[in-house]
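All residue numbers refer to positions in the sequence shown, counting from 1. The basis for the numbers below is simple: all heavy atoms, side chains too, and nothing from hydrogens, waters or symmetry mates.
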Amino acid sequence: MAAGIIPALQVAVVILAAGRSSRMGKGEDHKLLATFDGVPLVRKSVLNALACQCSRVYVVTGYRHDDVLEAIGDLPVEVVRNEDYASGMAASLRLGAARAQKDRPDGIVITLADMPAITDRHLDMLIDAFRRNGGAHVVRAVANGSPGNPVILPRLLLDAIQGLEGDVGARRLIDGHDVPRVEVEIGEAALMDVDTVEELHAAGGVLPIRGYPR
């Protein structure tokens with residue numbers, strides 16, 4: 001490295017993809033296997049993460065692990081299996097963050113696999129803001145000022161993730177700590193997830209009859 005060049009802060013991405021899709025209605029319907037332009041949603045989310053300015057991507061799986069793995073198994077990511085996915089989102093956060101921390105990133109992007117409008121450009125906007133602020137701030141995507149996802153947690157908050165329990169996410173952690181925050185406006189993508197069949201269809205998704213389409 002040339003003298004005087006400061007390396008960019010390293011940011012890992014943790015994609016939460018372990019949930020049960022409990023609001024989809026039918027037991028065989030799994031929203032992460034629904035296709036958007038022919039691509040399973042979980043794969044779409046992983047491809048966007050791989051295309052952004054991150055150092056590494058980790059995917060936390062749980063419900064329908066084998067089907068989700070089939071959709072992303074050829075991609076250069078590390079999969080972390082959450083056997084306790086039924087207990088809520090906190091277990092996935094703890095596992096994903098613990099694995100990512102072993103590689104000592106300066107921050108971790110926490111993103112949800114069921115947000116079809118999030119792109120690599122949105123992730124890069126957040127990472128750029130994190131780096132501009134020296135890696136000491138929480139960076140959060142907002143839509144017209146309303147907090148949404150993804151978020152970036154700085155290194156100083158990562159240990160605190162291990163104290164989360166139940167069906168809570170990064171917002172509980174952010175609200176419980178006095179860490180400066182930066183909000184990045186990315187539009188409605190920050191709030192658009194697909195918890196129901198109606199939301200999935202409205203976003204352009206198509207559910208397979210059973211599992212990952214073959």
Side-chain angles (χ1 to χ4, degrees), residues 8-19 23 45-46 48-49 52-60 62 80 82 84-85 87-195:
L9 296 174
Q10 297 297 298
V11 180
V13 176
V14 171
I15 302 174
L16 303 183
R23 292 174 59 189
S45 298
V46 171
N48 283 325
C52 80
Q53 303 173 38
C54 68
S55 58
R56 196 159 187 185
V57 178
Y58 307 87
V59 183
V60 183
V80 181
N82 175 14
D84 191 31
Y85 63 85
S87 69
M89 187 182 296
S92 291
L93 270 171
R94 294 195 306 268
L95 282 172
R99 177 59 194 90
Q101 276 186 275
K102 293 180 180 179
D103 295 324
R104 299 190 56 78
D106 298 290
I108 296 177
V109 180
I110 305 296
T111 189
L112 309 179
D114 66 345
M115 300 186 74
I118 295 296
T119 68
D120 58 303
R121 182 179 67 86
H122 295 135
L123 296 173
D124 280 341
M125 290 169 65
L126 298 172
I127 292 171
D128 286 343
F130 181 76
R131 289 173 172 164
R132 285 197 308 271
N133 287 277
H137 293 58
V138 168
V139 177
R140 178 162 57 185
V142 299
N144 299 316
S146 296
N149 287 293
V151 300
I152 303 182
L153 301 177
R155 183 182 289 175
L156 61 89
L157 276 185
L158 299 186
D159 287 341
I161 292 175
Q162 301 309 314
L164 293 176
E165 297 284 348
D167 195 23
V168 301
R171 183 176 297 184
R172 173 74 61 84
L173 185 67
I174 294 168
D175 292 342
H177 290 78
D178 186 19
V179 177
R181 306 170 194 179
V182 174
E183 295 185 341
V184 177
E185 178 64 54
I186 69 169
E188 291 305 311
L191 301 178
M192 184 188 296
D193 57 11
V194 287
D195 285 336

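Looking at every heavy atom in both residues, Ile186 comes nearest to Ala141 through CD1-CB, 3.6 Å. Considering every non-hydrogen atom in both Met192 and Ala117, the closest pair reads SD-CB, 3.8 Å. Closest approach of Ala113 to Ala17, counting heavy atoms only: CB-CB, 3.8 Å. Phe130 and Gly107 get closest at one heavy-atom pair: CZ-CA, 3.7 Å. The shortest non-hydrogen separation linking Thr111 to Pro150 is OG1-CG, 3.5 Å. Across all non-hydrogen atoms, the minimal contact from Val139 to Ala129 is CG1-CB, 4.1 Å.
Interatomic distance, Ile152 CD1 to Ile108 CD1, rounded to the nearest 0.5 Å: 10.5 Å. Atom CZ of Arg140 and atom CG of Leu153 lie 10.5 Å apart (nearest 0.5 Å). Rounding to the nearest 0.5 angstrom, the gap separating the CD atom in Gln162 from the CG atom in Leu95 is 8.0 Å. Atoms CG and CZ, from Leu126 and Arg121 in turn, are 10.5 Å apart once rounded to the nearest 0.5 Å. Between the CG atom of Asn144 and the CG atom of Leu191 there is a distance of 8.0 Å, given to the nearest 0.5 Å. Separating the OG atom in Ser92 from the CD1 atom in Ile15 is a distance of 12.5 Å, to the nearest 0.5 Å.
In this structure a side-chain-to-backbone donor-acceptor pair under 3.5 Å is missing from Arg99 to Val59. In this structure, Arg181 contributes its side chain and Ile174 its backbone to a donor-acceptor pair below 3.5 Å. Judged by distance alone, with hydrogens and angles left aside, the side-chain atoms of Ser87 form no donor-acceptor pair with the main-chain N or O of Gly166 at under 3.5 Å. The main-chain N or O of Gln10 is found under 3.5 Å from a side-chain atom of Asp106 such that the two form a donor-acceptor pair. In this structure a side-chain-to-backbone donor-acceptor pair under 3.5 Å is missing from Arg172 to Ala90. A donor-acceptor pair is defined here as one N or O able to donate and one able to accept, closer than 3.5 Å; such a pair exists between the side chain of Arg94 and the backbone of Leu164.
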Exercise for review: Check the pair Asp120 / Gln53 against side-chain hydrogen bond (donor to acceptor under 3.5 Å, both in side chains), numbers first and verdict last.
Suggested key: CA-CA 8 Å; Asp120 58 303; Gln53 303 173 38; over 6 Å; no
Exercise for review: Show your working on side chain to side chain contact (heavy atoms under 4.5 Å, CB included) between Asn149 and Ile110 and close with a plain yes or no.
Suggested key: CA-CA 8 Å; Asn149 287 293; Ile110 305 296; 5.8 Å; no
**Study point:** Full working for side chain to side chain contact (heavy atoms under 4.5 Å, CB included) between Ile118 and Asn48
**Key:** CA-CA 8 Å; Ile118 295 296; Asn48 283 325; 5.7 Å; no
Point to revise | Test side chain to side chain contact (heavy atoms under 4.5 Å, CB included) applied to Val13 and Cys52, step by step | key: CA-CA 9 Å; Val13 176; Cys52 80; 4.2 Å; yes
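Residues Glu185 and Met125 fail the side-chain proximity criterion, which asks for heavy atoms closer than 4.5 Å. Contact check for Met89 versus Leu112: side-chain heavy atoms found under the 4.5 Å cut-off.
Between Arg131 and Asp124 there is no salt bridge, since no side-chain nitrogen of the basic residue lies less than 4.0 Å from a carboxylate oxygen of the acidic one.
Residues passing the side chain to side chain contact (heavy atoms under 4.5 Å, CB included) test with Ala160, sequence neighbours excluded: Leu173, His177.
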